[in-house]
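Single-structure report; data block below.
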Amino acid sequence: MRKFCFLACMLLLASCTSSGPSNNTDESLVVFSDPTSVDADGKYKIGPGDVLTISVWGNPDLTLAVPVRPDGYISMPLIGDLLANDIDAASLALTITSLLETQLRNPQVTVIVSQINSNVYISRVRVTGAVRSPISIPFAKGMTVLDLILEAGGI
């Protein structure tokens with residue numbers, strides 16, 4: 001029964017692997033990928049719970065730190081509610097700039113994701129079954145099945 005559980009866990013973990021090219025020459029290592037928080041260009045996508053620092057040059061009243069609400073929107077003076085979910089910071093800065101151009105002359109907007117909170121539970125790897133201590137740990141690029149088994153205390 002233990003061998004069956006171990007084999008089932010390994011197959012389950014192997015099905016979550018990246019099928020793209022890897023810099024690893026050791027084919028026995030399994031590398032996970034996390035497509036949920038990065039777009040096709042490799043830019044981080046903003047999500048609910050993230051905290052954004054929005055700076056409008058020369059307008060300290062419009063420079064603020066704002067959380068992304070659970071509905072994916074942020075609130076900003078002169079603009080109101082604005083959808084920030086599932087886009088990158090540069091795209092959001094361009095959107096804010098275009099919305100402020102009707103009220104300000106040549107606004108210069110910078111958006112920085114100062115706290116990443118949206119992927120706390122999405123980007124996790126869980127190991128259960130025939131391991132000493134079941135765990136749930138944050139995903140890290142380059143993580144392998146062996147790393148997970150070692151974190152769980154072995155089989």
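A quick note: this is a predicted structure, and the numbers were derived from the prediction, not measured. Sequence positions, counted from 1, serve as the residue numbers for this chain.
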So, do [X] and [Y] sit near enough that their side-chain heavy atoms are less than 4.5 Å apart?
X      : Y      : result
Leu150 : Leu146 : yes
Leu100 : Gln108 : no
Leu82  : Met76  : no
Tyr44  : Ile116 : yes
Ile46  : Asn85  : no
Leu78  : Leu62  : yes
Asp81  : Arg69  : yes
Asp147 : Glu151 : no

Closest non-hydrogen atom pair between [X] and [Y], with its separation:
X      : Y      : result
Ser118 : Pro48  : CB-O, 3.0 Å
Leu92  : Ala84  : CD2-CB, 4.0 Å
Val125 : Met143 : CG2-SD, 4.0 Å

Are Val51 and Ile87 connected into the same hydrophobic cluster when the rule is that any two of I, L, V, M, F, W, Y join if their side-chain heavy atoms are below 4.5 Å apart?
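No, Ile87 does not connect to Val51 through the hydrophobic network.
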
Would you say the side-chain atoms of [X] pair up with the backbone N or O of [Y], donor to acceptor, closer than 3.5 Å?
X      : Y      : answer
Arg124 : Ser136 : yes
Asn59  : Asp61  : no
Asp50  : Val68  : no
Ser75  : Gly80  : no

Contacts of Thr110 that satisfy side-chain hydrogen bond (donor to acceptor under 3.5 Å, both in side chains) - sequence neighbours left out
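With sequence neighbours excluded, Thr110 shows a side-chain hydrogen bond (donor to acceptor under 3.5 Å, both in side chains) to no residue whatsoever.
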
Return the set of residues passing side-chain hydrogen bond (donor to acceptor under 3.5 Å, both in side chains) with Ser91 (not counting sequence neighbours), or none when no residue passes.
Asp88

Let me confirm one number: the [atom1]-[atom2] distance from [X] to [Y], rounded to the nearest 0.5 Å.
X     : Y      : atom1 : atom2 : result
Tyr73 : Leu83  : OH    : CG    : 5.0 Å
Leu52 : Leu64  : CG    : CG    : 9.0 Å
Thr53 : Ile112 : OG1   : CD1   : 6.0 Å
Ile74 : Ile79  : CD1   : CD1   : 7.5 Å

Please identify which of these residues, Ile149, Val145, Ile137, Leu148, meets the side chain to side chain contact (heavy atoms under 4.5 Å, CB included) condition with Val127.
Leu148

Going by atom types alone, do Ser55 and Thr63 pair a side-chain donor with an acceptor below 3.5 Å?
no

